[in-house]
Each structure stands twice: as C-alpha cells, then as structure tokens.
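Just so you know, these numbers use all the heavy atoms, side chains as well, and skip hydrogens, waters and symmetry mates. Protein chains get the first letters and strands the later ones, always in sequence-line order, with residue 1 at the start of each.
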Amino acid sequence: MSKLASNEYYDLVRTTNWTPRYVPESELFPEMMSGARGIPAEAWESFDEPYKVTYSDYVATQREKDAGAYSVKAALERANYIDDADPGWVSTLQAHYGALAVAEYAAATAEARMARFSRAPGNRNMATFGMLDEMRHGQIQLFFPHEHTKRSRQWDWAYKAMHTNEWAAVAARHMFDDMMFTRDSVSVAIMLTFAFETGFTNMQFLGLAADAAEAGDHTFASLISSIQTDESRHAQQGGPVLKILIENGKKDEAQKMIDVIFWRAWKLFSVLTGPILDYYTPLEHRKQSFKEFMQEWIIGQFERQLNDLGLDLPWYWDEFIRALDETHHGMHMGVWYWRPTVWWNPAAGASPEEREWLESKYPGWNATFGRCWDVITENLQKGREDLTLPETLPTICNMCNLPVVGAPGDGWNVKDYQLVHEGRLYHFGSEVDRWCFQQDPERYKGHMSVVDRFLAGEIQPQNLAGALLYMGLAPGEIGSDAHNYAWAGVGKQQAAE
Amino acid sequence: MALFPLSSNFEGDFVVQLVVVDDGATMDEVASACAVHSIDRRVAPRPGKVLRIRRHSTGELYPREMLVKNTGLMPTETIDVIFSDI
Ligand SMILES: [Fe+2]
Ligand SMILES: [Fe+2]
C-alpha cells in the first residue's frame, strides 16, 4: 500500500481554523486565553512552523530518545557513579533537579494553552507535541534522581522543592508563574518559548551537558542532551508568532514582553546556573566559565535572533553585559552563606586554585568578592564556623525574589532600587527589576517575598529554626558546605553523608 | 518603643540584610546592630574608623545621636552603613 509522504499532506491536515457553528469565535478563543490582540484569523494562519512533525513521526522519535537515555541509565546504574562523584557535582545535580523537574512538568500547561487557544493552527500542532515533551521532561527528571533517594533525602527535593516555601523555589515559581501560567497563548509563545527557551534553557542544558561529559557523568549528559533536542524544537514556536505580531503593528508590545522575561530569566539563571558552572563543577571539569557560556549562547545567538526578526536588543543590554561579571558571584555567596536554607550542599569553590581560575575569568574578582571570601576563609581556619552562618535574612528583591546583591570589597557598589507603590515600600535588586514591576504593578504588587512574610509574622518562631520549618527543610535536607571546608585548608575532604 | 525593621547596606559587603532595631535607637546603635551581620563575617574590621548611617535613597548623612523614629525612614527602608573618620 502506498503512503503519502508527510510533507505532501501536512499543511492541508493542520489547516484547522474551522468556522464554528454552535458558539461564536469569541467564545471558542476568548481573548484572555488566546491573546490575538485584534489580529485577524487569516494573519494567524500565516504561522509557518520550522519543524513540521506528524504525530506518528513524533512518537517514533520520542520513543527512541527515551530508550536511549533510559538504557544509558540502566547500563551505568551499577557503576554507582554518584558514590564517587565530587560532592560539588552531586550538588549541581540536586540543585538542577529541584529547580527544574517539576517546573518542566508544569510547562506542559503552558504548552497546552497554546495547543488549545492559539489562533495559529501550526502553533496548536507544535504545542501539542511541546506539551508531551514537557511531560516527558518532568517524568524523566523525577525518575532519574529517584534511584539516589536511598543516598540522601536531598535527592527527594527533585520532587519536593516546588511544593515548598523554600526561598529559591519561591523565586523560581514566581518567575515561572509569571511566564507560563498567567499569560495568554501569544505571550506564552514569546516569553516561554522564544525568550526563555531559546535564550536560556539552551545554556543550562548545553552548558551542563558539556560539564557532565567532562565529569564522566554519562547518565546525566545523555538525559539532558535528550531533553535539549525537544527544547530546541518547541522553542521555535515563538519566532513565527513574533513575525505575525510585528507584521501587524504590535512590535512594541512584543518587545516589552521579551525585555521583561529575558531579565527575569537572567536573574534566575544567575542563581542557578552561575554558581553551578563557576563554583560547583570541579575545576578540572569546567568547560567554560558561566560568562563565556552566556557570551556564546545569549549574546551571540540571541542577539542574532532578535536582529533577524527585526527586534531590538533589550533597552538594558549594557547593564546586562556589565552584570555578567558580577551578579552570579553575589548570588553564589548568598546561597553559600545561607546554605542551611537550600536543599543541596553548596560547594564554596574558593580554594586558592579555584580563586586563581576565577581571577583569570573575572579580573578583579579577588579585590571584590575575594575580600569577603578572605574573611570567611580566615574564620573557618580559626574554628569560627559560627561566623560563616547567617543570623538574619537578606533583603529580597520583590521582582526576582532573590537577594539584593552587588560587588563587595574595593568595588563596593551594592544598591537597592526602592519604590513606594500605593503606600508599600518595595525593594528591587536592579533598575531593571524595578522597571519590570512598573510595567504591570497590578500583576505583581500583591506578592509577598519571604522577608515580607517573615515581617508579617507568617514564619514562626521568628528565627532560623522557624525559617527552616517554614521552608520545609528537615534535618538531613538542609544544606551544608559540600566539601566540609577542605577548600579552606580545614580538616580532610569528606564525601557528603 | 517599637521594633523597626531596616535594610542594612554595609560598606564592603555583598548583600543588603534585614536588621531589626528599636525605633528609639540612635544611629550609632543602629550601626552596631548592622555591624553584627557584616563585620568579621564578610567585612574586615577597620580600626580607627566610626560607622555612620546614610539614607540609601538620598545619601543624607544622619547625626550619630539621631533616633530612628526621627529620621523619617520607612519600615524596611535601606540605609548605608559606611566607614568614616568622624
Ligand atoms: Fe522542557
Ligand atoms: Fe520547553
């Protein structure tokens, strides 16, 4: 029996903008969910997806991908790689899984919004596959860490993190909720698939895959490479949507969505990917610095993509480039100093050799961030661990929900961008975070940061124990230094229990 | 007498931190309370210097004996804590 090749029927069968007879179009595609912005149906039909995939092709390919990743896992399971892995690498995996596994599962909802409500048939078709992709990413990234739960309860945070009020989880949810759950289909296509996925997941997944391969963690390398092949496909929904918006006079609106979410994604990655690539990954396995990855993936590729579409660089581009030398170092120090409040064991990454590497990648590091690490190192050497642990909370940005940080030491430039809105004082870690808030105060004004909640009496007792209880961090889960301070020349290096 | 939260932006440190003081505290007392969370933790002491308080948003330097309740600061507002010769 002869079969038509898919390219001979694809365009015809996905032409599904039928004329409804029982309900008006406005009910079938409510503006709040579709976000067509007055652009007519014919214009949306010009959506031309770069990947034309049929369901049978999709299923066959995905089956192969899963079989590949699962068989690597099965083959290497008995090698117990994790037991001998550097504790910094273990922390990398735990931070990654907790921040992303459940969030990826949630991304299926965002894809589903496009699958159901996009006015573009091609978008609906691609998003149906995108939805299945994200379910796979959620499931596989819950399954892979599960075998390690016998090793430590911190592995269980792959599932648990997003169901708690742990501060990093709150920060991640605030951003993901903004981008994925509370937007119409067009905004999701632009913010999630174009700005976030082409911009940033690329870097997390390719950056980490490179380091994983270097570190000999072939299970993780194959897992995230497998995920990335899906991301790079469904990330391409944003481009055609942007093209339609621009052709129909909506460039400014599109640009603003990109500017807002690009910055929000940058902040989230500055606390997640920055510390991982520049501090947790063992020195000998670091492929490139975080900044170099950012330069290659974000500055190189993203700039070109914006340009091709006729869009502008975000207005804060110079500030973004400047922050590449600074923000993630501050985020890292914050995570390390407040280490009892995270579900992984942060690696300080501040041994003499590592500091040399940091200084070479970030000239001036020793005179700024290094100054604080000097004091910390000295305290550890004097047996004053107590001074390396927090007795208060950092001030939290009301947009990114991360600490307000800047350069310390000789280059001290820490700044809090404050704003009084309707009588409430808000804090922001940068001018751009404050700008994001000002674009849509109604959307953001009601949110309480972890510090706001603390001051409102929601966290009891009002001390570290109360904060840990509030964040769901039980003994055996709370973070400690990944290498038991061996990097500071203290004691012997011990594997994390 | 009431608790008054402030955000401490301490010279040489990398992060702004929550410090809760009494609204009857002097600026010198506020500086000491802020120092607990920065000095000898991530900032080396600087003998011979005094710590002074500035309103972060305007740079206005407060007299050392001024009380929190007379500064016009809002709860959680950010202050700079800086090393000074006088
Ligand atoms: Fe995904
Ligand atoms: Fe995705």
Within 6.0 angstrom of B:E60 CD, more than 12 heavy atoms from elsewhere: yes
Stepwise side-chain contact (heavy atoms from CB on, under 4.5 Å) check, A:H427 with B:T76: CA-CA 9 Å; A:H427 300 270; B:T76 83; 2.9 Å; yes
Contact check, side chains of B:V16 and A:V414, non-hydrogen atoms, under 4.5 Å: yes
Which portion of B:L6 sits near chain A, non-hydrogen atoms under 4.5 angstrom: neither
Heavy-atom contacts under 4.5 Å, residues 63-75 of chain B to chain A: B:M74, B:P75
Segment of A:F454 engaging chain B (4.5 angstrom heavy-atom cut-off): side chain
Most contacts with chain B, counted as non-hydrogen pairs under 4.5 angstrom, among A:L455, A:V404, A:T395, A:L425: A:T395
Residue pairs, two or more places apart or on separate chains, that pass salt bridge (Lys or Arg N to Asp or Glu O under 4.0 Å) and touch residues 71-84 of chain B: B:R54-B:D80, B:R55-B:E77
Minimum-distance pair of heavy atoms, taken over all atoms of A:V375 and B:A44: CG2-N, 3.8 Å
Structural part of A:N413 lying under 4.5 Å from a heavy atom of chain B: neither
Pairs touching residues 412-427 of chain A that satisfy salt bridge (Lys or Arg N to Asp or Glu O under 4.0 Å), sequence neighbours left out: A:E422-A:K445, A:R424-A:D452
Under 3.5 Å: donor-acceptor pair, side chain of A:W412, backbone of B:F14: no
Heavy-atom proximity to chain B below 4.5 Å, by part of A:L389: backbone
Minimal non-hydrogen separation, B:G12 against A:C372, with atom names: O-SG, 3.9 Å
Chain B interface, residue from A:R384, A:Q418, A:E326, A:R371 that has the most non-hydrogen pairs under 4.5 Å: A:Q418
Sorted by number, residues from residues 33-42 of chain B in contact with chain A (heavy atoms, under 4.5 Å): B:H37, B:D40, B:R41, B:R42
